[in-house]
Amino acid sequence: MKYIYSLYDAKTGELAYKGKAGQLVADGVFSRSDDVSRLWAKQHLKGIRARKWKVEREEIRPVAKKIAPPGGTTRKVWVYRMTDADGRVVCEGTAVELVEKGFFIRAEDAPNAHRAGHNRRLGVTCVERRKEERPIRIPKGADRKKREGFSGLKNVSAKEPEKTEMDALQEDVHALCRYNAAARKWGRKELSYGYWAAAGKPEVPV
């Protein structure tokens, strides 16, 4: 297991250093990384009183990668983690989630706290953030409704337009013109629309 260690001044209780064992060695606080874990064990397991540093630690848990639902997609978002002077987690989540939980009023408050490195109102002294890939969920039934909508549009466009009275009249006029043309060719009497309609709208003279 890996841990994040917080070193507090034994007299004042102020946070002096925070990081992994290797980082504390690099900062010159300890000569070996094992010294950090041994000091923590002495204070918390053996009950030895802290002289210079009071050591606290927090386990680093691997972040499980979230898998997008079938047919969905994902996007990367910032996840903020805010702790107080004692290293306790005050809040954690995306900017929107922290607003929904009531920690902030606006979504931009979390990024502003990260830039400042603290938030006095919440008692936050350390603000960290990391990128996480989150699935974008489609509301249940939305995809089906979308498909049905496209299908309905397709069916509507495929329907033949209904004939109006004007369309039917135009067809009759064309049919009568063809009838009278044939009548002239054959030496028959041309008919008006009324007589032609009364005769049953014949295509050619009888």
Side-chain angles (χ1 to χ4, degrees), residues 60-83 89-122 124 126-206:
I60 302 175
R61 297 181 181 180
V63 179
K65 188 176 181 180
K66 298 185 178 182
I67 302 174
T73 184
T74 60
R75 66 173 179 176
K76 290 185 178 180
V77 296
W78 285 113
V79 177
Y80 297 87
R81 189 172 187 271
M82 305 187 187
T83 54
V89 178
V90 177
C91 58
E92 185 172 7
T94 64
V96 175
E97 290 171 348
L98 294 179
V99 171
E100 293 174 348
K101 293 176 182 178
F103 290 101
F104 294 107
I105 299 174
R106 302 167 300 177
E108 57 265 29
D109 291 341
N112 290 338
H114 177 262
R115 282 191 289 270
H118 62 85
N119 184 280
R120 293 181 180 177
R121 182 177 61 84
L122 297 177
V124 171
C126 180
V127 183
E128 301 171 340
R129 70 176 184 178
R130 65 181 183 275
K131 278 279 189 178
E132 276 192 15
E133 197 167 333
R134 297 284 185 92
I136 300 175
R137 290 185 173 84
I138 301 175
K140 189 176 180 181
D143 188 53
R144 181 180 176 184
K145 290 180 180 180
K146 187 177 180 180
R147 290 197 302 269
E148 289 178 352
F150 279 115
S151 177
L153 291 174
K154 184 178 180 181
N155 292 336
V156 168
S157 61
K159 290 181 180 179
E160 293 183 1
E162 297 181 0
K163 292 182 179 180
T164 63
E165 292 183 3
M166 183 61 68
D167 294 333
L169 180 59
Q170 289 178 349
E171 289 184 0
D172 287 349
V173 170
H174 289 301
L176 178 58
C177 291
R178 289 194 295 272
Y179 174 89
N180 287 332
R184 289 193 297 271
K185 184 177 180 180
W186 297 344
R188 303 291 181 87
K189 184 180 180 180
E190 296 182 26
L191 298 178
S192 64
Y193 180 83
Y195 284 105
W196 174 76
K201 301 180 181 179
E203 292 182 3
V204 294
V206 180

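The residues of the chain are indexed from 1 along the displayed sequence.
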- [ ] Measure the NZ-OG1 distance between Lys101 and Thr94 for me, rounded to the nearest 0.5 Å.
- [x] 8.0 Å
TODO: Please report the closest heavy-atom contact between Ala113 and Val127, naming both atoms and the distance.
DONE: O-CG2, 3.6 Å
Task: Closest non-hydrogen atom pair, Leu98 against Ala110 - done: CD1-CB, 4.1 Å
Task: Heavy atoms of other groups near Lys131 NZ, more than 12 under 6.0 Å - done: yes
Open item on the list: Quick check: do Arg121 and Phe104 have side-chain heavy atoms less than 4.5 Å from each other?
Closed with: yes
Task: Separation of His118 NE2 from Met82 CE (nearest 0.5 Å) - done: 12.0 Å
Open item on the list: Are there over 12 heavy-atom neighbours, none belonging to Arg61, within less than 6.0 Å of that residue's CZ?
Closed with: no
Open item on the list: Just to verify, what does Lys201 make a side-chain contact (heavy atoms from CB on, under 4.5 Å) with, not counting sequence neighbours?
Closed with: Asp172, Tyr193, Trp196, Ala197
Open item on the list: Side chains of Val79 and Arg134, heavy atoms from C-beta outward: is any pair under 4.5 Å?
Closed with: yes
Task: Cys91 side chain near Tyr80 side chain, heavy-atom distance below 4.5 Å - done: no
Task: Contact summary for Leu122 and Val90, nearest pair of heavy atoms - done: O-CG1, 4.1 Å
TODO: Please step through salt bridge (Lys or Arg N to Asp or Glu O under 4.0 Å) for the pair Glu190 and Arg184, ending with a clear verdict.
DONE: CA-CA 7 Å; Glu190 296 182 26; Arg184 289 193 297 271; 3.1 Å; yes
